[in-house]
K.L.:
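Below are the C-alpha cells for one structure; questions will follow.
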Amino acid sequence: MASRPAERYLAAMNEPLPIRPPRERKPDWIRVKAPTSHGFNETRQLMRRLNLATVCEEAACPNIGECWTKKHATVMILGDTCTRACAFCNVKTGMPRAVDPLEPQHVADAAAELGLTHIVVTSVDRDDLKDGGASQFVKVIEALRKTTPSTTIEILTPDFRNKSASAVEAIVAARPDVYNHNLETVPRLYPTIRPGARYYASLRLLEQVKTLDPSIFTKSGIMVGLGEERMEVHQVMDDMRSAGIDFLTMGQYLQPTPKHAKVAEFVTPQAFAAYGAIARAKGFLLVAATPLTRSSYHAGDDFERMRAAREAQLAKERS
Ligand code: SF4
C-alpha cells in the first residue's frame, strides 16, 4: 500500500477516473431530501425577519435542507443582486440597491440567535462600489467580534478586480479566521463560465492575503463537471499550492436553470476520492472533495480540522 505522499500521488494518478456521461436525471449520489424540518423553517424565518439574503437560497444549494436544519446558513451581504453574470450562478444580475447600513449588525444578531460557533459570510459582486464592498465586510467582521466574540469568522469574497489593493488590505487587517475566494473552474473555461473574472487575478488575491497575514487560513474551491480535463484540475491544484492556499474544496457543478451552463459530466464519488487523494499529496492542509461539497458545507467542522492540522504541522516542524 502506498504510504508516502509521492507514492500516494503516483498511485492516485494511475487510478482510472470513472466519469459518468451526462443525463437528464441526476445520479443517486446527487439527490437530496426536500427541506421540511422545524429547524429549516426557523432559520428561514430568522433570515426574513433580519432582512438578510443567503447564498443557500439564492444559489439554490442542494444542501439547504441539511444545513438549515442544523441552523447553518451562509449569509450573503451587500444585497441579493450581483453586477456580474457568471454562467454557473443562480444569483440575480442587475443594478443593486444601496448598501444597507444595518446589515452588519443584522448578521451579528443572526449569528447570536442561531448560536453559531463558526459563520460564513459571502457577498454578491459589487463592481459598482468604489471598494467593491470591502468596507462592508470589515463592518460585518467588527460587528461579529463585538456581538459574538467566540464565533470564528470565514469570509468568501468576490475578486475585487479593478479595485485598489487597499480593499483587500482592509479586510485582512480586520483579521477574519478564514479568507475564502473561489477559483470556480480551470483557466480555459473562464471566458464562458466566469467571463467577468480573470483566473490569475483571483489567484493573486489569495496569494496577497497569505503574504499580508500568514496566520489567516486561505481557502478556495472549484466545481467539476463543466468540461474540464483531469490534468487541468491538477494544474489548478498546483497553482493553488504555489499561492499558499490551505484548504481546497471541490464539488459537482449543477445547472441551476436551463439558462445556465450545461452539466458536461457527473463526476463519480470514486473520481472525487481520486482527486482528493491527489490534492492531499500535493500538500493542502485540508481537502473536501465530494459531489455535494460546497464552499461552506460543514465549514465549522472543517475549520476545526484545519486548525488541528496546522497545529500538528507546526509541532512537527518544531520537533
Ligand atoms: S452548503 Fe453552504 S450554501 Fe449550501 S446550504 Fe449549506 S451553508 Fe448554505
Side-chain angles (χ1 to χ4, degrees), residues 26 29-48 50 52-80 82 86 88-92 106-107 110-111 113-125 137 140 144 148 151-158 176-184 217 219-225 247-257 260 269 272 276 286-306:
K26 287 181 191 138
W29 62 76
I30 294 289
R31 275 185 254 139
V32 289
K33 286 201 189 113
T36 51
S37 72
H38 182 63
F40 174 87
N41 288 324
E42 279 188 349
T43 306
R44 183 162 59 180
Q45 280 160 15
L46 176 68
M47 294 302 159
R48 298 285 184 277
L50 293 173
L52 292 172
T54 65
V55 74
C56 319
E57 285 183 291
E58 304 300 331
C61 180
N63 302 321
I64 193 166
E66 178 192 333
C67 292
W68 283 28
T69 297
K70 293 192 231 159
K71 303 201 171 172
H72 294 170
T74 296
V75 179
M76 195 170 77
I77 61 171
L78 294 161
D80 62 0
C82 187
C86 296
F88 64 88
C89 182
N90 197 44
V91 175
K92 73 173 174 244
H106 284 170
V107 175
E113 284 198 43
L114 292 168
L116 297 181
T117 53
H118 184 83
I119 186 169
V120 184
V121 179
T122 188
S123 80
V124 287
D125 269 289
F137 272 100
V140 168
L144 283 163
T148 54
T151 303
T152 48
I153 303 170
E154 174 166 338
I155 53 159
L156 169 56
T157 76
D177 297 280
V178 183
Y179 194 115
N180 187 353
H181 171 64
N182 286 328
L183 295 188
E184 308 289 7
F217 290 103
K219 176 171 171 181
S220 188
I222 58 166
M223 303 165 289
V224 290
F247 183 5
L248 165 68
T249 58
M250 291 179 67
Q252 169 72 49
Y253 167 69
L254 297 174
Q255 186 184 30
T257 76
H260 290 86
F272 272 102
L286 197 68
V287 178
T290 71
L292 287 174
T293 294
R294 298 293 181 268
S295 284
S296 47
Y297 192 42
H298 298 163
D301 294 342
D302 283 341
F303 174 72
E304 288 306 328
R305 275 191 209 106
M306 187 160 53

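Whatever order the structure lists ligands and atoms in, that order sets their numbers, starting from 1.
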K.L.:
Distance from Asn182 atom CG to Thr157 atom OG1, nearest 0.5 Å?
P.N.:
9.5 Å

K.L.:
Grab the two heavy atoms, one from Pro256 and one from Cys89, that are nearest each other, plus how far apart they are.
P.N.:
CG-C, 4.5 Å

K.L.:
The criterion is side-chain contact (heavy atoms from CB on, under 4.5 Å); which residues satisfy it with Thr293, sequence neighbours excluded?
P.N.:
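Counting only residues at least two positions away or on another chain, Thr293 forms a side-chain contact (heavy atoms from CB on, under 4.5 Å) with Thr249, Ala288, Thr290.
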
K.L.:
At distances under 2.8 Å, what protein N, O or S atoms surround atom 4 (Fe) of ligand 1?
P.N.:
Cys61 SG

K.L.:
Restricting to salt bridge (Lys or Arg N to Asp or Glu O under 4.0 Å), what partner residues turn up for Glu58, sequence neighbours left out?
P.N.:
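In terms of salt bridge (Lys or Arg N to Asp or Glu O under 4.0 Å), with neighbours along the sequence ignored, Glu58 is linked to no residue.
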
K.L.:
Measuring from atom NZ of Lys70 to atom CG of Leu116, what distance do you get when rounded to the nearest 0.5 angstrom?
P.N.:
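Answer rounded to 0.5 Å: 12.5 Å.
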
K.L.:
Could you name each residue pair satisfying salt bridge (Lys or Arg N to Asp or Glu O under 4.0 Å) that touches residues 287-302, not counting sequence neighbours?
P.N.:
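Sorted pair list: Asp302-Arg305.
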
